[in-house]
Amino acid sequence: MDLNLLVALDALLTEQSVTKAAERLQVGQSAMSSTLGRLRKLFGDPILVRNGRNLMPTPFARSLSDPLREALGRVESLLTTKSEFNPATDHRDFSVTSNDYVAAVFLRPLLVRLAAEAPNVKLHFQPVQDDFAKRLRQGETDILIMPKEVFLEYVDFPNELLFSDRYVCAVDANNPDVGTSITIGEFSAQPYLAVNVGHLPTSAEMQLDAQGVIRNTQITTQMFMLAPFLLRETRLLTLIQERLGLTLRTNANLRLLEPPMPLQPVNMVMLWAEQHADDSGHQWLRRQLMSLSSELFPDASI
């Protein structure tokens, strides 16, 4: 069989449109229609069927989607693998999926290092979306950085612990209701700002739920970096990672306090797909991240 058909099949399943798949692969629409016909004959399945004005993949075609992306990812990894990666001269693009907290306290310093040591390496930061595990498995992102407490399936992927951080309470420095300490009763009564990651709760929210801590939640956001600035000139209270709080304490006019309840630290793990394990460029990037994690952020205290 012509393996190029698999590339076309991936485009058709992704775009669910002959026209858009043709544009993606830079071929004519008639050529893509002919390719769809060949795929239908090859698999003995319609692959895409019309539903109103749209084309929808058949159940059989949907079952091909994940193994197809994984197979194409392995082929791409094979073609880009070199016997040795030279960061000083080689050109390479990497994608890293993380939340904005990780980007601010960990990945930003990485950019400084790469600018000096790997001028031709480009990083593409992607936000954590609900399909992050699927994207990682299919090789659509090179590195995923997630709290292992939130993503328990991290053990299904090659992984390394990058760093840990603890949670602290944060309020506006001029908040008249909160002093230098806070009780659980005061915590529950204070208007609360909750932070989620997509549809996933943070490790802090999960722990509060497990302990039965009542919150007077008035605002919810999915952006860690925004949360501290939303506290300004309000009586809101939130839980944030200590390193983020220390980084933004002056600019966001924060007061940081010890939480009135026991909270376990959040542990950020780096994950990658198995097909990237032996890629020399990918190995180099992982070494950079591990080296940086051992150098940055000595233990901090309020």
Side-chain angles (χ1 to χ4, degrees), residues 62-78 81 94-107 110 123-167 195-211 222 224 239-244 262-297 299:
R62 284 196 298 269
S63 73
L64 295 177
S65 181
D66 287 352
L68 174 62
R69 281 302 312 152
E70 184 174 352
L72 291 177
R74 289 182 179 275
V75 171
E76 182 179 2
S77 178
L78 174 66
T81 297
F94 294 104
S95 60
V96 179
T97 297
S98 72
N99 58 42
D100 54 351
Y101 151 69
V102 173
V105 304
F106 185 69
L107 296 179
L110 177 65
L123 289 184
H124 304 278
F125 294 155
Q126 302 173 342
V128 177
Q129 299 175 337
D130 293 334
D131 62 346
F132 63 88
K134 177 181 178 181
R135 292 174 59 83
L136 178 65
R137 187 174 290 107
Q138 294 179 348
E140 295 179 25
T141 186
D142 291 294
I143 296 290
L144 171 67
I145 301 176
M146 283 284 290
K148 70 177 186 179
E149 295 80 9
V150 173
F151 181 44
L152 300 181
E153 292 79 12
Y154 79 93
V155 295
D156 297 336
F157 298 89
N159 67 84
E160 291 279 358
L161 175 66
L162 280 178
F163 64 93
S164 299
D165 204 352
R166 69 190 191 105
Y167 286 104
V195 182
N196 295 321
V197 181
H199 290 112
L200 295 175
T202 62
S203 171
E205 297 297 322
M206 293 171 62
Q207 293 186 66
L208 294 178
D209 288 340
Q211 296 182 43
Q222 295 185 9
F224 288 100
L239 287 172
I240 62 173
Q241 302 88 343
E242 183 181 30
R243 288 168 179 164
L244 181 61
L263 294 174
Q264 294 298 313
V266 59
N267 298 288
M268 307 303 299
V269 291
M270 169 179 64
L271 305 100
W272 60 95
E274 185 64 44
Q275 60 262 36
H276 295 315
D278 298 326
D279 181 286
S280 61
H282 206 281
Q283 290 175 339
W284 170 84
L285 177 62
R286 300 198 304 266
R287 287 196 300 270
Q288 297 304 305
L289 291 167
M290 292 302 299
S291 174
L292 192 64
S293 71
S294 66
E295 298 173 10
L296 287 177
F297 311 118
D299 291 341

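All residue numbers in this chain count up from 1 along the given sequence. The structure displayed is predicted, hence computed values, not measured ones.
A donor-acceptor pair under 3.5 Å is absent between the side-chain atoms of Asn159 and the main chain of Val269, judged by distance alone. Formation of a donor-acceptor pair under 3.5 Å by the Ser294 side chain with backbone atoms of Ser291 is found in this model. For the pair His282 (side chain) and Asp142 (backbone), a donor-acceptor distance under 3.5 Å is present.
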Next on the checklist: Checking Leu292 against Phe106 for the side chain to side chain contact (heavy atoms under 4.5 Å, CB included) test, could you report, in this order, the C-alpha distance in whole Å, the side-chain angles of both residues, the deciding distance, and whether it holds?
Outcome noted: CA-CA 8 Å; Leu292 192 64; Phe106 185 69; 4.1 Å; yes
Item to check | Derivation of the side chain to side chain contact (heavy atoms under 4.5 Å, CB included) call for Met270 and Met290 | outcome: CA-CA 9 Å; Met270 169 179 64; Met290 292 302 299; 3.8 Å; yes
Checklist entry - Yes or no on side chain to side chain contact (heavy atoms under 4.5 Å, CB included) for Leu110 and Leu123, after CA distance, side-chain angles and deciding distance? => result CA-CA 10 Å; Leu110 177 65; Leu123 289 184; 3.7 Å; yes
Item to check | Worked verdict on Arg286 versus Ile143 for side chain to side chain contact (heavy atoms under 4.5 Å, CB included) | outcome: CA-CA 8 Å; Arg286 300 198 304 266; Ile143 296 290; 4.0 Å; yes
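Note that OG of Ser164 is 12.0 Å distant from CD of Gln241, once rounded to the nearest 0.5 Å. In this structure, CG on Leu263 lies 10.0 Å from CZ on Arg166, to the nearest 0.5 angstrom. Atom CG in Leu285 sits 10.5 Å away from atom CH2 in Trp272 (nearest 0.5 Å). Once rounded to the nearest 0.5 Å, the distance linking CG of Asn267 with NZ of Lys148 reads 5.0 Å. Atom CD1 in Ile240 sits 12.0 Å away from atom OG1 in Thr202 (nearest 0.5 Å). Residue Arg137 holds its CZ atom at 11.0 Å from CG of Asp131, rounded to the nearest 0.5 Å.
Of all heavy-atom pairs spanning Ser203 and Glu149, the tightest one is OG-CB, 3.9 Å. Minimum heavy-atom separation, Ser98 to Ala103: OG-N, 4.1 Å. Shown here for Glu274 and Pro158, the closest heavy-atom pair between the two residues is OE1-CG, 3.4 Å. Of all non-hydrogen atoms in Leu289 and Leu162, the two that sit nearest each other are O-CD2, 3.8 Å. Of all heavy-atom pairs spanning Gln207 and Gln264, the tightest one is OE1-N, 2.6 Å.
For the pair Pro201 and Asp209, the minimum side-chain heavy-atom distance is 4.5 Å or more. Inter-residue side-chain proximity for Val96 and Val102 is flagged as unmet; no heavy-atom pair is nearer than 4.5 Å. Between Leu136 and Thr97, every side-chain heavy-atom pair lies at or beyond the 4.5 Å cut-off. Taking 4.5 Å as the limit, every side-chain heavy atom of Gln126 sits out of range of all side-chain heavy atoms of Glu140.
Among residues two or more places apart in sequence or in another chain, the ring-ring contact (aromatic ring centres under 6.0 Å, His included) test is passed with Phe157 by none. Tyr154 pairs by the ring-ring contact (aromatic ring centres under 6.0 Å, His included) definition with nothing, not counting sequence neighbours. A search for side chain to side chain contact (heavy atoms under 4.5 Å, CB included) contacts involving Asp156 returns Glu153, not counting sequence neighbours.
Counting heavy-atom neighbours within 6.0 Å of Gln211 CD, excluding the residue itself, gives a total above 12.
Taking the six-membered ring where the residue is Trp, Tyr101 and Phe224 present tilted rings, their angle falling between 30° and 60°.
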